[in-house]
Peer 1: 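Below is a structure I'd like to ask you about.
Heavy-atom basis, side chains included; hydrogens, waters and symmetry copies ignored. Residue numbers begin at 1 in each chain, while the letters A, B, ... track the order of the sequences. Quantities reported herein were computed from a predicted structural model and do not represent experimental measurements.
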Number of protein chains: 2
Amino acid sequence: MQPFPTLYVDLDIVRSNIARMASKAEKAGVEFRPHFKTHQSKAIGKIFREYGVSGITVSSIKMAEYFLNDGWGDITIAFPANVLAHDYYNNISKTASVKTLVISEEVVQKLDNKLDNELGLYIEIDPDYGRSGVPVSELERIKSLLNAIEGSDHCYPAGFYCHAGHTYKACSKDEVEKISREALQKLEALREHFPDLPICFGDTPSCSVLDDFGPATQISPGNFVFYDWMQVQIGSCSPNEIAVYMQCPVIETFSDRNQVLIHGGAVHFSKDSVQVDDYLSYGEPMLKYLSEETYVKSLSQEHGIIQCSPDVFSKLKVGETIQIFPIHSCLTADLMREYYTKDGQVLDHMNGKMGGS
Amino acid sequence: MQPFPTLYVDLDIVRSNIARMASKAEKAGVEFRPHFKTHQSKAIGKIFREYGVSGITVSSIKMAEYFLNDGWGDITIAFPANVLAHDYYNNISKTASVKTLVISEEVVQKLDNKLDNELGLYIEIDPDYGRSGVPVSELERIKSLLNAIEGSDHCYPAGFYCHAGHTYKACSKDEVEKISREALQKLEALREHFPDLPICFGDTPSCSVLDDFGPATQISPGNFVFYDWMQVQIGSCSPNEIAVYMQCPVIETFSDRNQVLIHGGAVHFSKDSVQVDDYLSYGEPMLKYLSEETYVKSLSQEHGIIQCSPDVFSKLKVGETIQIFPIHSCLTADLMREYYTKDGQVLDHMNGKMGGS
């Protein structure tokens, strides 16, 4: 038994999550370009190959390098182009088809001056989410940006990229569906005006809930490979579709307040939380099924405090472990930096020892 | 210029923060056993040696191993003993004087059965903070636990350890002082009943604000080595005592809403935040001095959005960088895994390449 907080992955659930999304993409006639920012693992990446995936999505240049080194040759860096990082784009685009996002002509020009190789640029479209991108309604600005890309020496238009991040505010499948259909509806104008350009759409809630993607021709969800307790709250998945859990030692029990101290804190789980009923949860014990009163109440650097129902409390013993679903599996995996499988294998994560980063 | 989010450390400020705390401890007649969980760096640890430090505090067994390998021979693991980790205690206590915390007789007994070497046990005292520890008022329980330690084969009483974490709820120096004096007042009974046992007290707000530590005979603050924006809000320090900042590329500017997109997200800063006036801040640009309207408004995995005053906004340019104070330097350093100095040196962090972990 691992005596420290350990991240376990259930590869059967991973395979079933991938199979379902790959099959959905195929039926809907869209290209499946999964986002690898959640698992950041070559070993887990390889599973996607079994389901016909050849083009992938990542969130940083370093992550592109990591997967390029494992033979992935068609990579979208789903983050707006960083003009300071031209040397890195030049390096990775020597041997792979690399695409990234862009929002302004200024960046196209500044970047183009420094590029040696071809770089695909998706115009990032903001479906009124407000994080980044050209607002979907500003068609003239989009046309002008497209002209700048077409007129550049090294860049070519890769299409449109749209992240409907406001689905993360949803609390039910119906809400996710409503928000994502509205976002897709807004993208219809792009298909009409630029029928030859791909439209990539991709957040896990939308892709989990929808079966058709309207004007989109590509999807790039990421979190679905593992899911997590946040996605359960949003309405994207059920608890038995969550493929990762933390196993944490029970350090002490406090019978006066039905609380348990675990080794497992902010440096393991991350500080992401979700509102569940009237409390904020930093993790959901898998024993939760027995009681809705049981949840991770607080995290400090290494400490976690689990508030328990009397029944769950009576089952937790010092010197044993407890299994906990992370709230946000992307951030938990990023911190844990390796995965254990049920049969004791250790899988790489980009940040870990085996990742060599 | 680093094209990616980079954590800088100002060693002049580090030295001045250490010197001030070391001198305060000396004047107050308490042993200075600094907590190394904030920097987790051998290079920064070495600086403490120049100020006479020989005993240190860490938050995990792995961190104890890391510093033991750099010649630290007197280490407190300020986390309640983990009975599953007996092999690790046995390993590190072969060559170092190791102490950890304990709350219950059950743990003393379970652990003692598995130990080969001597292990010091501080009784963790809860000053009505409510995270962990024996409530300070339960003197009989404390005596009984002390007997269990004294009666064990391998453990000896190292003293009492008290973390007054509720000072983190303070919003001014006066509030910190009030909370920490109350906590120290509660420890007077321990000095009276157990005059020969050390009392270790150590949170950064208390140790920053107080000049005498009443019944405490040791202090173990950690965050003060760097401080951060949370400590400014609490009242522990001024902004010019913060020794670390993130440098992040400005990726895009959004003039319609005076916002700037940076590369710098939850995997760099962590998701810790503080309430400042009527907003939640995930980081404070060092340009902040020019405007109170400027702060990191939101973080996703790699994205940060800075809300700017019109004046600050006009100064931020795509392809340049911005310097930002982290909200919680311990978690930011834990994620960034290395430090750059002003003169381009790279310093180790336990989690990083140079840390070999």
Peer 1: What's the separation between atom SG in B/Cys248 and atom CG in A/Asn82, rounded to the nearest 0.5 Å?
Peer 2: 10.5 Å

Peer 1: Using only atom types and a distance under 3.5 Å, with no angle test, would you say the side chain of B/Gln301 pairs donor to acceptor with the backbone of A/Ser59?
Peer 2: no

Peer 1: Checking heavy atoms, do the side chain of A/Ile103, its backbone, both or neither come under 4.5 Å from chain B?
Peer 2: both

Peer 1: At a 4.5 Å cut-off on heavy atoms, which part of A/Lys297 comes close to chain B: side chain, backbone, both, or neither?
Peer 2: neither

Peer 1: Do A/Leu84 and B/Val250 touch side chain to side chain, with heavy atoms closer than 4.5 Å?
Peer 2: no

Peer 1: Heavy-atom cut-off 4.5 Å, strictly under: side chain, backbone, both or neither for B/Leu331 against chain A?
Peer 2: side chain

Peer 1: A/Pro249, A/Cys330, A/Ser270, A/Ser273: which one forms the most heavy-atom pairs within less than 4.5 Å of chain B?
Peer 2: A/Pro249

Peer 1: For B/Leu261, is it the side chain, the backbone, both or neither that has a heavy atom under 4.5 Å from a heavy atom of chain A?
Peer 2: side chain

Peer 1: Decide yes or no for A/Phe254 and B/Ser132: does some side-chain heavy atom of the first lie under 4.5 Å from some side-chain heavy atom of the second?
Peer 2: yes

Peer 1: Quick check: closest heavy atoms across A/Ala81 and B/Ile251, and the distance to 0.1 Å?
Peer 2: O-CG2, 3.7 Å

Peer 1: How long is the gap from CG on A/Asn351 to NZ on B/Lys353, to the nearest 0.5 Å?
Peer 2: 11.0 Å

Peer 1: Can you name the nearest heavy-atom pair linking B/Gly130 to A/Arg257, along with the distance?
Peer 2: O-NH2, 3.2 Å

Peer 1: Quick one: what part of B/Ser298 sits under 4.5 Å from any heavy atom of chain A, side chain, backbone, both or neither?
Peer 2: neither

Peer 1: What part of A/Ile262 lies closer than 4.5 angstrom to a heavy atom of chain B: side chain, backbone, both or neither?
Peer 2: backbone

Peer 1: Measure B/Leu101 against the heavy atoms of chain A and call it side chain, backbone, both or neither at under 4.5 Å.
Peer 2: neither

Peer 1: Could you tell me which portion of A/Val107 (side chain, backbone, both or neither) has an atom closer than 4.5 angstrom to a non-hydrogen atom of chain B?
Peer 2: side chain

Peer 1: Quick one: what part of B/Glu320 sits under 4.5 Å from any heavy atom of chain A, side chain, backbone, both or neither?
Peer 2: backbone

Peer 1: So what's closer than 4.5 Å to chain A heavy atoms on B/Ile61: side chain, backbone, both or neither?
Peer 2: side chain

Peer 1: Taking atom types as modelled and ignoring hydrogens, do the side chains of B/Ser104 and A/Glu252 form a donor-acceptor contact shorter than 3.5 angstrom?
Peer 2: yes

Peer 1: Mind checking whether A/Phe79 and B/His263 have parallel, tilted or perpendicular rings, split at 30° and 60°?
Peer 2: tilted

Peer 1: Picking from B/Lys271, B/Lys110, B/Met1, which has the most non-hydrogen pairs under 4.5 angstrom with chain A?
Peer 2: B/Lys271

Peer 1: Quick one: of B/Glu106, B/His328, B/His86, who has the most non-hydrogen atom pairs under 4.5 Å with chain A?
Peer 2: B/Glu106

Peer 1: Determine whether the side chains of A/Arg131 and B/Ser300 contain a donor N or O and an acceptor N or O closer than 3.5 Å.
Peer 2: yes

Peer 1: Should A/Val267 and B/Leu335 count as side-chain neighbours, where that means a heavy-atom distance under 4.5 Å?
Peer 2: no

Peer 1: Does a side-chain heavy-atom distance below 4.5 Å link A/Met63 with B/Glu302?
Peer 2: yes

